[in-house]
Every structure is written in structure tokens, then in C-alpha cells.
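One structure is given below, encoded as C-alpha cells.
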Amino acid sequence: MLKDITLGQYYPADSVIHKLDPRVKLVWTMLFIISLFVFGSISCYIVVTLVLIGLIRVSKVPLKFMMKGLRAIFMLMLITVIFNLFLTPGTPVVQIWKLTITKEGIRTAAFMAIRLVYLIVGSSLMTLTTTPNDLTDGMEKGLRFLKVFRVPVHEIAMMMSIALRFIPILMEETDKIMKAQMARGADFESGGLIKKAKGLVPLLVPLFVSAFRRANDLAMAMEARGYHGGEGRTKLRPLHYESRDRAAYLLMLVYIAVLILVRIAAPVERLLGIAF
Amino acid sequence: MSIQIEHLQYVYGAGTVFEKQALRDISLTIPDGQFVGIIGHTGSGKSTLVQHLNGLLRASSGDILVDGESIYQEGYSMKKLRSSVGLVFQYPEYQLFETDVFTDVCFGPKNLGLPKEEIEARARQAMNAVGLDESYDKVSPFELSGGQKRRAAIAGILAMKPKVLILDEPTAGLDPKGRDDILDMLADLHRESGITILLVSHSMEDVAKYVDRIIVMSKGSVLYDDRPAGVFAHWQELEKVGLAAPQVTYIMHELETRGWPAARDVTTVEEAKDAILNALHRK
């Protein structure tokens, strides 16, 4: 049940993308997401698709694994598509009863669906190839300039890495407590909404107790090892840019340049004779 | 109630990178009323095995027969199975959630849909069996000591009146006194009510004194299945899989190699004392 969530799960493999500096991957992902929204044309999406397929192949993460993350947003996607399909004004194509599907509606719905899928796949690609630790390290270092504005960058990064680290632990704990209560005859599946909600009490109370206990233990252990915030703290493996990271940044610029060119030239639209 | 396990296999995370075969071709028969110890190193599959016995995990292949009926057949009631095969998990104190101990113990029988008087009678009986008297009824389970919490959790399962009681490492993390209390309590329970008990542990020392039969597991398969003395005779092989026979076994073997005609079948300190005294008298 909970195991379907791929976001925030690391897939160990030996690939160039795994080895990249987390900062590079963060910037790439951010730019990728922005590009999805800025360059909304068929030709551009063809380029984006090719790049995404290429990146997935290079990352050596099975496609099946990536698609798992899509299951979680399926409902959201369905609603978005349906709303866009029926509620966009424009030239009508089909009319059923009071619902009208317009040409613009189809276009927006299709683009929306593609954007959402690529957004999830793109960010999954980052989280699947970067350990949570690397990710927060990258964030901490990449956002260090915010310290000037008194943003507690280190503390936020530390909180994030602890939160990410605790997701699998708490999931395992949930599974264990669920099983223990099922052994005592608890039923988490059948019954109406109220009965189901009530049935969660035997799960949630022990889970909260254990979460607080763990938090307490962790705080104690951190203090015992001399943790006192980010001031003067050094890293075991400091982040350094290597030549492959510089190459990745260069590729990113090429990617943007190609998208801009394709947007202006719009080869597919010209070929099909669609307005753009 | 007898349990028959036939060619049981279980694979964790099938089809992912984390795929792992946890159980390999396990076949066992556990007759009514036996006190069985299941011993194995961490990751040997002993916890996985016992979770199959009350249907919390479903075998990848193979079958489990309870009283001759397959638990995997269409329409078999898991609820009935879980009330007759009680499973006490490792660190069961973490499953306590109610505002007081008595209500928590009532949770199991309440789920069986019993009448109120029956629920309370069973809860009282179960709490007595684990040595928690009326003065504990209204105490919050979170205020109990570690050993008491564990006994309260075991009472929660006992109140369901299982015919087979399975305990996964019931003594883990307890002090020697707490450990002996729990094990003595189980031995009493077995003697008085005659229920079948499966005790999962990684310590031979713990179980040697109590059980009729020991099943040793290693890497997902059954390595030995015999009386305690029969199993401990393989003490050298046991060491290879990360286990050890009770310390008395080592002493008796050492005595024997030094020319003392001490008994080989000794498994507990008491028996060792008698055997050594006997040997001394003979000299």
C-alpha cells in the first residue's frame, strides 16, 4: 500500500547520473520543470521527450520503477484532464448534452497531462538516483547564499534529511504495528468511514508514541556526539564539482538553447500546418 | 490443534532489486500440546515463518494445514485462524494503545465479537495468568515497567484464548529476572492449560530448560529438528551458523574429553549437577 510511493526512494545503480553532484541534479530538475511550462508546443515536447528517455536510459533505473510514482497522481491527473477538456472555451468539436469539448480544451488537457507525467518522472529521476543525504547536502550547499538573509539553511537541510530518513523507518513501524494489531483481531479494511477511522486508533497511538520515542533518542544521540547546529561543522565528503558536473551544466545550456530554437522554428507545427 | 507445514516458500519483494528468498522448502508438523523452540540467527527466517502460521504473510508457494484444513483454501476465515493461533510479536509492548491496561487486554476478545461479560472474564483471567492483578487494571500501559508492559501485551493475546501461542523473542531486551519470569510463566501456562507453544528465540540457553523440541533454522531452511539434547549434540555445526549450545554442553564435552564419564545428554544446569555428582560418587 505505502510501498507504491517512489518519490524519495533511492534506486542503487552504477551510472553517470548517480555519480553527479547533487547540486547539478537539483538545478537540472528545476530547469527541466520550468522548461515544461515555458515551452508548451508539440515540437518542444518532442525534444523534451527525447531528452527524458535518454536520461532514463543513462540512469539505468528500470522504466517500470519510474512509472510507479505515477500511480499516486493518477486521480489528480484525471481531474485535471476532465476539467480542462470540458471547461475550456473555444471552437466546439464534440457536443454531448450540455458538455462541450473544444479544440482548445483537447489541446490544454493533453498538454496538462504530459506536463504532469513529465514533472513526476523528471523529479523521480532525481530522487531515484540521489540518496536523501546527498540531496539535502546539495541543497544546503547550493542554498548557502540565503544565509545572508538569515535563512537557517543548515537547520532546514538537517530537518529535511532526518524527515526523509525517517520515512522508511516509520513505514516499517506502521507495517509492524498493523500486523501486531491484526494478530489481535483488528480489522483495518472493512466497515464504513467512521468505523475505519476508529479502527485506526490502535495503529496511530502506538505509531505516535514510537515516533516521539525515536525523536527523543535521536536528539539525545546527536547531542552525545557533540551536535550543536551547523556552525563550524565539517563534512565527511565535501561536495566538489568534477568535470562531469561541468559537462552536465553545459548540456543544460545546450538543452535550453535547443528548446528556444525549436520553439521559434517550430518544425512540426509548420509541417502539420497548425497555428502556434 | 495440529499445524502442518508443507513445502513452504516465501520470497520478499518479488520482482524488485531487493528480492530475497526468506524461506526455502519448509516442511514441519507441530502436534497438539507441544512446547517447541524455534531457534535461528538474525535473518534466518524464523520470524517470517511464524507470521505465516496465522496468515499475516502469504506463502509464495506451499501449504499450511491447521487441523487438516488448508488456510489458503477459498473462504477460510482468517479471523478464526487468528483467534486460534495467537502471535505475540517481538517487542509487543509497542502495540499497547488504550488508556488503561484492562481495556487494552480487552481489545483482542472484543474484536472476536464476544459478549461483554465474557470479554471481561477473559481479560481478568489472562491478566492473572501473566501475574498482573486487579491493581494494574486502571494503570496506563505507558506507565508500566518494560517487563510489565510485555506481560500486559502477552495477556492481550492470551485473552483471545488461542489454542496455539506463538511468541517471537518474548525475552528480547529484558533483564535476567524479567526473562526468567516470562519463561517460567509460559512453562506454567503450558503445564496448566496444555496449549501448544512456539517460542522463537536466538538463545539456546533460554529455551533448553523449557521446550520438548527444538527447530533450528538457518538461511531460510530447517537445519535440525529434534529433542534439545539431540540438537545440542551438533554443537560444532551450530557454531558455524552463528548459534551456540548452552554452556553446560561445552562443560560436559570438555569433561568427557578429559576422561570423565559424564552424561552427554545433559541440557540444563540442574541435570549437569546431578550427572557430575553421580560421576563423582562412582570414582
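The analysis underlying the following values was restricted to heavy atoms, covering all of them including side chains, and did not include hydrogens, waters or symmetry mates. Quick note on labels: first sequence line is chain A, next is B, and so on, each numbered from 1.
- Counting heavy atoms from C-beta on, the side chains of B/Phe97 and A/Leu207 never come closer than 4.5 Å.
- With a 4.5 angstrom heavy-atom cutoff, B/Tyr91 does not touch chain A via any of its atoms.
- Within a 6.0 Å sphere centred on NZ of B/Lys219, other residues, nucleotides and ligands contribute 12 heavy atoms or fewer.
- Salt-bridge check for A/Asp187 with B/Arg82: failed, with every basic side-chain N at 4.0 Å or more from each acidic carboxylate O.
- The environment of NZ in A/Lys25 is crowded: more than 12 heavy-atom neighbours from other residues, nucleotides or ligands sit within 6.0 Å.
- No more than 12 heavy-atom neighbours from other residues, nucleotides or ligands sit within 6.0 angstrom of CZ on A/Arg57.
- Within a 6.0 Å radius of CE in A/Met30, no more than 12 heavy atoms belonging to other residues, nucleotides or ligands are found.
- Here the side chain of B/Gln95 pairs no donor or acceptor atom with the backbone of A/Pro206 at under 3.5 angstrom.
- Of the two parts of B/Leu96, only the backbone, made up of N, CA, C and O, holds a non-hydrogen atom closer than 4.5 Å to a non-hydrogen atom of chain A.
- The line from NZ of A/Lys176 to OG of B/Ser47 is 9.5 Å long, rounded to the nearest 0.5 Å.
- Heavy-atom neighbours of B/Lys116 NZ from other residues, nucleotides or ligands within 6.0 Å: at or below the threshold of 12.
- Within 6.0 Å of atom CZ in A/Phe188, more than 12 heavy atoms from other residues, nucleotides or ligands are found, so the atom counts as buried in its surroundings.
- Here the CG-NZ distance, from B/Leu87 to A/Lys179, works out to 9.5 Å after rounding to the nearest 0.5 Å.
- Highest contact tally toward chain A, considering only B/Lys79, B/Met78, B/Gln51, B/Gln90, is held by B/Gln51 [criterion: heavy-atom pairs under 4.5 Å].
- Looking at B/Leu57, the atoms closer than 4.5 Å to chain A (heavy atoms on both sides) all sit in the side chain, from C-beta outward.
- When every heavy atom of B/Ile157 is checked against every heavy atom of A/Arg184, the shortest pair comes out as CD1-CG, 3.6 Å.
- With contacts defined as side-chain heavy-atom distances shorter than 4.5 Å, the pair A/Met182/B/Asn54 does not qualify.
- The environment of B/Glu118 atom CD is dense: over 12 non-hydrogen atoms of other residues, nucleotides or ligands sit within 6.0 angstrom.
- Note: B/Leu56 CG to A/Met178 CE = 11.0 Å, rounded to the nearest 0.5 Å.
- Around the CZ atom of A/Arg165, the shell of radius 6.0 Å holds no more than 12 heavy atoms that belong to other residues, nucleotides or ligands.
- In this structure, A/Arg213 forms a cation-pi arrangement with B/Tyr94, its terminal cationic atom sitting closer than 6.0 Å to the ring centre and no more than 45° off the ring axis.
- Between chain B and the residues A/Ser210, A/Pro202, A/Ala180, the largest count of heavy-atom pairs under 4.5 Å involves A/Pro202.
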